[in-house]
Amino acid sequence: MQFKRLGKSAINVSDICMGTMSFGSQADEAMAFRIMDMAYDAGINFFDTAEMYPVPVHARYVGLTEDIVGRWLKTKNRDSIILATKVAGPSHIWINAPLRGEMTALDRHNITRAVEGSLSKLGTDYIDLYQTHWPDPDAPQDEIMDTLDELVRAGKVRITGCSNENSWGLMKSLATAERLGTARYQTIQNNFSLNNRRFEDELANICRREGVSLIPYSPIAGGVLSGKYQGGAWPKDGRFTAYQGLAPRQQAMANRFVNERTLASTERFMAIAQDAGLSPVTLAVAWSKQHDFVASTIVGATHVDQMPEILAAADVILPQDVLTAIDAVSKDIRYPMG
């Protein structure tokens, strides 16, 4: 396992991060413990969760994942783990929100209440990386950055980051922090995979020039790049199978990840992986972490049987001919995740 710094901070993390958003839904507590133990034993020191997990989001289960992670954390040396979580605001907003832009409320009151809730559920007195889960374009940026800075000064949070942010929002937050003299975002957690390379258009250059690290999520495109959805299949254990029949927003997300274009690109990536002697999962994770603006790639699992192919990527450096073949697919089927 290789280690990299998060942004300009002093925090070093493994270049593979264990995501937890299925813990409590598709993976019960016993399985979640087994997955996290396997990740920890393999050298992963970075674990990511959120106040709204697990997904699909349901009012009955909100916060269950942080509870599970907190109980697991008690079995480990706390200082050996870099723990990340996220704030989105009051749950009654984002559970019922029809659109992403209505899913968050980042004022001082909601951020402060959320961090106290996460600290309690996680059973810890500090969070290493605290992230805004979704942008709140209507909230005063000064209030957001000042509130997060207060958490850093109080020792409840070590560093801060954002998630699902665009170029304007990231630069606005960095400029605000510089003007106010507050803590800045050291990381950005956005979707980035073989099937979604939009981050490279603008945000990657911002990360390089401003010293912000990407922590990409869904490097396997929610399991699509494993090949399990090929041929129109909706596997019983598939993440997006669980979205069928849910709210329109969640159904739309499933359709974004699983569609004719993503399945066509996945077929070609699977062939590249076979020629390289790799599993499609290992190829996808290795490709994700092999970027200079990426600090750590967030992976997810619902069963320990999925972990070996993920962990195999730790020692893989893709040669130029494989990267060239991947780029050819991306050029032919640009942005299959529409």
Side-chain angles (χ1 to χ4, degrees), residues 1-7 13-22 39 42-48 82 84 129 131 161 163-165 187-208 212-228 239 256-257 262 265-266 268-270 272-273 276-301 306-331 333-337:
M1 200 69 61
Q2 299 297 311
F3 290 81
K4 298 179 181 178
R5 287 202 170 190
L6 293 178
V13 296
S14 52
D15 60 2
I16 295 178
C17 170
M18 192 70 239
T20 64
M21 72 178 182
S22 67
I44 290 176
N45 75 337
F46 192 20
F47 293 79
D48 178 78
I82 305 301
L129 170 61
Q131 305 154 99
S163 181
N164 299 297
E165 187 58 276
T187 63
I188 178 171
Q189 183 179 147
N190 276 27
N191 186 283
F192 182 58
S193 74
L194 291 168
N195 277 348
N196 182 10
R197 298 181 63 169
R198 284 181 174 83
F199 196 91
E200 294 174 311
D201 289 348
E202 296 180 358
L203 280 164
N205 193 42
I206 293 175
C207 285
R208 292 185 180 106
V212 176
S213 296
L214 171 63
I215 311 171
Y217 68 82
S218 293
I220 315 169
V224 174
L225 288 164
S226 72
K228 66 170 63 176
R239 172 183 167 189
R256 178 174 174 242
F257 278 79
T262 61
S265 60
T266 296
R268 292 180 61 179
F269 291 133
M270 290 173 66
I272 293 172
L278 301 170
S279 80
V281 168
T282 303
L283 176 80
V285 176
W287 177 88
S288 175
K289 68 186 188 66
Q290 197 168 320
H291 290 79
D292 60 344
F293 51 85
V294 170
S296 184
T297 292
I298 302 174
V299 299
Q306 298 168 329
M307 292 295 290
E309 289 184 335
I310 291 171
L311 296 174
D315 299 321
V316 173
I317 298 177
L318 300 177
Q320 187 56 52
D321 63 318
V322 172
L323 297 175
T324 299
I326 288 171
D327 289 344
V329 178
S330 300
K331 181 178 180 181
I333 311 177
R334 189 166 177 79
Y335 300 148
M337 284 180 56

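For reference, positions follow the sequence shown, starting with 1. Computed from a predicted model, the values in this text were never measured in an experiment.
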Minimum heavy-atom separation for [X] and [Y], please, with both atom names.
X	Y	result
Gly43	Phe3	O-CZ, 3.6 Å
Phe269	Leu283	O-CD2, 3.6 Å
Ala301	Met307	CB-SD, 3.8 Å
Ser213	Ala295	CB-CB, 3.6 Å
Thr297	Ser288	OG1-OG, 3.0 Å
Lys289	Ala314	NZ-O, 3.6 Å

Spacing of [X] atom [atom1] and [Y] atom [atom2] [to the nearest 0.5 Å]:
X	Y	atom1	atom2	value
Trp287	Ser193	CH2	OG	7.0 Å
Ser226	Gln306	OG	CD	8.0 Å
Leu214	Ser296	CG	OG	10.0 Å
Asn190	Tyr217	CG	OH	6.5 Å
Asn191	Asn196	CG	CG	4.5 Å
Leu311	Met18	CG	CE	8.5 Å

Self-check item: Under 3.5 Å donor-acceptor, Thr20 side chain and Asp48 backbone
Solution: yes
Practice problem: Check for a donor-acceptor pair, side chain of Arg208 on one end and backbone N or O of Leu203 on the other, with a separation under 3.5 Å. | Solution: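 Pair absent, no side-chain N/O of Arg208 close to backbone of Leu203.
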Set of residues satisfying side-chain hydrogen bond (donor to acceptor under 3.5 Å, both in side chains) with respect to [X], sequence neighbours excluded:
X	result
Ser163	none
Thr282	Ser279
Glu202	Ser167
Asn45	Ser14

Quiz prompt | Charged N-O contact under 4.0 Å between Asp15 and Lys4 | solution = no
Practice problem: Determine, step by step, whether Ile220 and Leu194 satisfy the side chain to side chain contact (heavy atoms under 4.5 Å, CB included) criterion, reporting the C-alpha distance in whole Å, the side-chain angles of both residues, the deciding distance to 0.1 Å, and the verdict. | Solution: CA-CA 8 Å; Ile220 315 169; Leu194 291 168; over 6 Å; no
Quiz item: Using the ring of each side chain (for Trp, its six-membered ring), is Phe293 parallel, tilted or perpendicular to His291, with breaks at 30° and 60°?
Solution: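 Phe293 and His291: tilted rings.
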[Y] and [X], any side-chain heavy atoms less than 4.5 Å apart:
X	Y	value
Pro216	Val294	yes
Ser218	Phe192	no
Val299	Pro219	yes
Leu225	Thr262	no
Ile298	Ile16	no

Quiz item: What residue among Val329, Ile333, Val224 forms side chain to side chain contact (heavy atoms under 4.5 Å, CB included) with Thr266?
Solution: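 Per the side chain to side chain contact (heavy atoms under 4.5 Å, CB included) rule, the option paired with Thr266 is Val224, out of Val329, Ile333, Val224.
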Exercise. Take Ile206 and Val212 through the test side chain to side chain contact (heavy atoms under 4.5 Å, CB included) and record every step on the way to the result.
Key: CA-CA 8 Å; Ile206 293 175; Val212 176; 5.7 Å; no
Self-check item: Enclosure of Glu200 CD (heavy-atom neighbours >12, cutoff 6.0 Å)
Solution: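 Enclosed.
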Self-check item: CA sep, side-chain torsions, deciding dist, call: Asn195, Ser265, side-chain hydrogen bond (donor to acceptor under 3.5 Å, both in side chains)
Solution: CA-CA 7 Å; Asn195 277 348; Ser265 60; 2.6 Å; yes
Exercise. Output all residues satisfying side chain to side chain contact (heavy atoms under 4.5 Å, CB included) with Ala286, sequence neighbours left out; order by chain, then residue number.
Key: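 Testing Ala286 for side chain to side chain contact (heavy atoms under 4.5 Å, CB included), a comparison that skips the adjacent residues, returns Ala313, Val316, Leu318.
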Please tabulate, for side-chain N and O atoms in residues 319-327, each donor-acceptor pair with protein atoms closer than 3.5 Å (sequence neighbours left out).
residue: Gln320; atom: NE2; partner: Thr324; partner atom: OG1; Å: 3.2
residue: Thr324; atom: OG1; partner: Gln320; partner atom: O; Å: 2.9
residue: Asp327; atom: OD1; partner: Arg197; partner atom: NH1; Å: 2.9
residue: Asp327; atom: OD1; partner: Arg197; partner atom: NH2; Å: 3.2

